[in-house]
Each structure stands twice: as structure tokens, then as C-alpha cells.
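Here's the structure we're looking at; comments come further down.
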Amino acid sequence: VVVGLLKAVDSVARSSARVFVLTAVGNVFCPGGSLVDAGASSGFSEGGTLPLDSAVRQLRFSMTLAQRLHEMPQVTICAINGGCAGAGLSIACACDLRYTVASARFSTAFVNVGLSGDFGYSFFLPRIVGAAKARELCFLGSKLDAQQAHTMGLVSAVLQNREDLLT
């Protein structure tokens, strides 16, 4: 999925488009990375297939997605159509503007699995919600509903349904 997104971002960045809208199909925006899949393909778990150095290179390559979104010359809009956690939240934060549906839920998620933030989370989140609130979200792993995310400035607006989100 990340490779496809990177190709799309790079293609639009080179185009004359003025806006790039990122969303997902279904009722979930992005719940973050799968630790089961990551462990199985990284060599961290029994039967892993990649040596550690290859897994690290692959992760670093994937994490360039947030940087490329942030550096695009186009205005980037994240249309969050549902659950948004972990790396998914980091990718959303890399966009210039974020809009969400009322049913969406947000979580930094990293602390809940014993990890520090990735995909630009530690860079983007404090700039959006402020340093103190970013630390609170990071250290406590709080879950937010759409209205709470809007109140703290994480999203620009809360829309009632997906159709409103995409118009």
C-alpha cells in the first residue's frame, strides 16, 4: 500500500494539479501498521523472512511517505473517513488540512504497543495541537472522537458523513 501511495504522491507532485486529496475506501482511514505482519516479514519473529537490516531499510523507505506529503507543492487534504491511528494518524498529520466524518476515532496508539511515534508523528503533531497536548496524546495513548479532535485543532472540521467529506 505504501509503495502505491508513494508513486501517487510523486506523480501528483510533478503534475500541474493544485490539490491532492488523500482518503481511503470503507469505514476506516488507516489503523496504522500491522505489527504481526511487520514481525513476520522482518525476522523479529520465528519464521521471519527479512534480515534486520533489510527490514529497517524497508521501514525507513515507507516512512518517507509523510515527508513527501508534507513537501508536495500542492495543497494536501486528508479526508479521514473512519478510524485513524498510529502511522495512519502520522500520515494524516503530514497533510496541510484534515477533515473527518463524525464517526471517526483517533489514537496515537504507539505507547499501547510499546513503541515511539513514527512516520513523522513527533514532528507534525506538536505543530498542529501544541507541544503539551502532543505529549499527552503520546504518553497516555488517549483515544479521541471526531469532536475532541476538532476541539484541539487536529482536524479542521467534522462532517456528518462520507459523502459530505468528499464534496
Side-chain angles (χ1 to χ4, degrees), residues 1-35 37-38 40-42 49-101 103-110 115-131 134 137-138 144 146 149-150 152-159 161-167:
V1 172
V2 172
V3 172
L5 281 171
L6 284 166
K7 287 179 182 178
V9 166
D10 288 345
S11 175
V12 172
R14 291 189 306 270
S15 77
S16 61
R18 297 187 322 199
V19 176
F20 179 81
V21 178
L22 177 63
T23 193
V25 176
N27 296 323
V28 175
F29 174 71
C30 181
S34 169
L35 297 179
D37 292 343
S41 66
S42 68
T49 57
L50 288 178
L52 180 57
D53 61 335
S54 294
V56 169
R57 271 195 310 277
Q58 188 176 47
L59 180 61
R60 286 186 177 146
F61 173 75
S62 296
M63 289 192 315
T64 65
L65 175 58
Q67 179 181 359
R68 291 181 190 182
L69 276 168
H70 180 66
E71 294 176 349
M72 287 180 77
Q74 290 81 6
V75 172
T76 54
I77 299 172
C78 189
I80 302 164
N81 57 307
C84 185
L89 180 58
S90 300
I91 291 167
C93 287
C95 293
D96 297 315
L97 301 168
R98 288 155 303 285
Y99 296 91
T100 190
V101 294
S103 61
R105 300 293 178 263
F106 299 83
S107 175
T108 56
F110 300 112
L115 297 174
S116 62
D118 62 3
F119 280 75
Y121 160 81
S122 59
F123 177 82
F124 297 115
L125 193 62
R127 286 164 174 77
I128 296 168
V129 301
L137 293 171
C138 176
L144 307 171
H150 181 254
M152 75 171 53
L154 183 58
V155 298
S156 297
V158 178
L159 304 164
N161 57 57
R162 183 174 171 83
E163 292 75 32
D164 292 340
L165 189 62
L166 299 176
T167 57

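Predicted model only: the values in this text are computed from it and were never measured.
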Write down the atom of Ala8, the atom of Phe20, and the distance for their closest heavy-atom approach.
-> O-CE1, 4.3 Å
Asp10 vs Arg68 side-chain heavy atoms within contact, under 4.5 Å | yes
Are the side chain of Thr108 and the backbone of Leu137 linked by a donor-acceptor contact shorter than 3.5 Å?
-> yes
Heavy atoms, side chains only, cut-off 4.5 Å: are Val101 and Ile80 in contact?
-> no
Residues, nucleotides or ligands: over 12 heavy atoms within 6.0 Å of Asn161 CG = yes
Heavy-atom closest pair (Tyr121 atom, Cys138 atom, distance to 0.1 Å) is OH-CB, 2.7 Å
Can you find a pair of side-chain heavy atoms, one from Leu154 and one from Thr100, that are under 4.5 Å apart?
-> no
Ser15 side-chain N/O to Val12 backbone N/O, donor-acceptor pair under 3.5 Å | yes
Output yes when a side-chain donor or acceptor of Arg105 lies under 3.5 Å from a complementary backbone atom of Ser103, and no otherwise.
-> yes
Do the non-hydrogen side-chain atoms of Leu89 and Phe29 ever get within less than 4.5 Å of each other?
-> no
Mind checking the CG-SG spacing from Leu97 to Cys78? Nearest 0.5 Å is all I need.
-> 10.0 Å
For Phe124 and Ser90 the tightest heavy-atom approach is CD1-O, 4.2 Å
In chain order, what residues pass the side-chain contact (heavy atoms from CB on, under 4.5 Å) check against Val21, with sequence neighbours excluded?
-> Val19, Ile77, Ala79
Hey, could you give me each pair passing side-chain hydrogen bond (donor to acceptor under 3.5 Å, both in side chains) that has a residue in residues 69-83? Not counting sequence neighbours.
-> Gln67-Glu71, Thr76-Asp96
For Ala66 and Ala94, which heavy atoms make the closest approach, and how far apart are they?
-> O-CB, 3.4 Å
Take Arg162 and Asn27 through the test side-chain contact (heavy atoms from CB on, under 4.5 Å) and record every step on the way to the result.
-> CA-CA 9 Å; Arg162 183 174 171 83; Asn27 296 323; 5.9 Å; no
Closest non-hydrogen atom pair, Cys93 against Leu125 | SG-CD1, 3.9 Å
Can you see which heavy atom on His150 is nearest to which on Val155, and at what distance?
-> CD2-O, 3.4 Å
